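This report concerns only the one structure given below.
What you are looking at is a predicted structure, and each value in this text was computed from that prediction instead of being measured. The first residue in the sequence is number 1, and the count goes up from there. Just so you know, ligand 1 is whichever comes first in the structure, and atom 1 is the first atom listed for that ligand.
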Amino acid sequence: MQNKLKNKIIIQKYGGSSVANVECVENVARRIIFYIKKGCKVIVVLSAMGDTTDELVVLAKKINPNPSEREMDMLVSTGEQISCSLLAMALHKKKVEAISLTGSQVGIITDTYHSQAKILKIEADRIKKELTKGKVVIVTGFQGVSTDFEITTLGRGGSDLSAVALAVAIKAAMCEIYTDVEGIYTADPRIVLDAKKINYITFDEMLELASRGAKIMHTRAVEVAKKFNIPLHVRSSFSKKEGTLIMEKTPVIEEAVVRGVALTDNEVKITLCNVLDKPGIAAHVFNDLACENINVDMIVQNVSHKNATDISFTVPKKDLAKTIKISKKISKDIGSGEVSFDENIAKVSIVGVGMRSHSGVAAKCFSVLAKNKINIDMISTSEISISCVIKKDLGKKALRILHKIFGLHKI
Ligand code: ASP
Ligand code: MG
């Protein structure tokens, strides 16, 4: 182990719960020192302490229910400055050289979209200089500086993305994502009590799980890790145990047919009734939604009766008001009927690369739901996943039975 890590640069990202209070910050400092003693150069990326970001958002809304996005970024980016400077102090106390730096100081250059900025490039010179001086470099996660020299943030949970992007820029040997659970689980262990920790998972599976409700990893971070083939090690900052390795190809010979299951009730179903069944209508509807940056997930067009059909689709709950407004306008434009919505839905998904080569997975999934009298409202599939929209109050039950039927409690 010692030789393997000597002189290697490693990135360690600690989430909010790993730096929630003084003891946690000191625990993180100890962990970093453990790696320093092995001869590594460590770059640390931190989230804000505990629920700081949420609290800052609440504070802002007390002052102004409609704050400008620029000022919001100025505000919420401070959370990470607090955790980073405190960690530097904790390391100094233990006689370890360390420096905290903001996204802007280390040259994380983003576009100009406040609260949802994309990283354009990272000028890593400052980090390299500090590493050469033998310092632990502590970088504020979740933020950068725009091409207009404004502070931007990368979207909630964006520190994962900062860590992965830095790993790419620095060509780090390892990128560890520390959290308060032992890794990625076959299902949310708060809902499925016998959920098991997964040792290996592919980027594709992680992406599917993350976009279908598994909350551990930021989706864009996994996308970047996949693009540059940076393996990620998701693990707990409170234990020495190995966590989950997210990688291109797992070292396992036979892949799991189903690697994990996920649940989300964060979406709402919109239905455009009595839409004319002719070419160009769906294009019109979904173009208008795309123009407003609304991320449509599932789409179902029903059988046409007398040249008219219903189109249903799901969007994130936060976009409901905007989507209804646009849909009503579309409905008027194309002369279709009523626009209705259903918030009372949940989406359960099963994910696994083995589905590519195994048949009968969908049949098994639908049969077990049917046997348990769970009606499926919408279905969507990809090469490695199947998702079903069902009634919201049956979501947890569905998750548990799918977890069991695919034997995930026994891995
Ligand atoms: N502190 C930010 C948030 O809570 C970023 C992060 O935690 O990754 O969203
Ligand atoms: Mg956070």
Polar-atom distance check: Ser47 versus ligand 1, any N or O pair below 3.5 Å? yes
If you measure from each non-hydrogen atom of Glu80 to ligand 1, which part falls under 4.0 Å: side chain, backbone, both or neither? side chain
With a cutoff of 4.0 Å, is Gly16 in contact with ligand 1, counting heavy atoms of the residue only? no
Take a 6.0 Å sphere around NZ of Lys396 and say whether it holds more than 12 heavy atoms from other residues, nucleotides or ligands. no
Numbered in order shown, the ligand 1 atoms found under 4.0 Å of a heavy atom of Arg156 are 3 (C), 4 (O), 9 (O)
Would you check whether Gly157 has a nitrogen or oxygen atom less than 3.5 angstrom from a nitrogen or oxygen atom of ligand 1? yes
Residue Lys404 excluded, over 12 heavy atoms near NZ under 6.0 Å: no
Are Phe286 and Phe313 near enough that their ring centres are under 6.0 Å apart? yes
Applying side-chain hydrogen bond (donor to acceptor under 3.5 Å, both in side chains) as the test, list every pair that has at least one member in residues 351-371; sequence neighbours left out. Arg356-Glu383
Tell me, which pairs form a side-chain hydrogen bond (donor to acceptor under 3.5 Å, both in side chains) where one or both residues lie in residues 157-166, sequence neighbours left out? Lys13-Asp160, Ser47-Ser159
Under 4.0 Å to a heavy atom of Phe142 - the qualifying atoms of ligand 1, by number: 2 (C), 5 (C)
With the threshold set at 4.0 Å, does a side-chain nitrogen-carboxylate oxygen contact exist between Glu267 and Lys269? no
Polar proximity ligand 1 side, Thr53 side, N/O cut 3.5 Å exclusive: yes
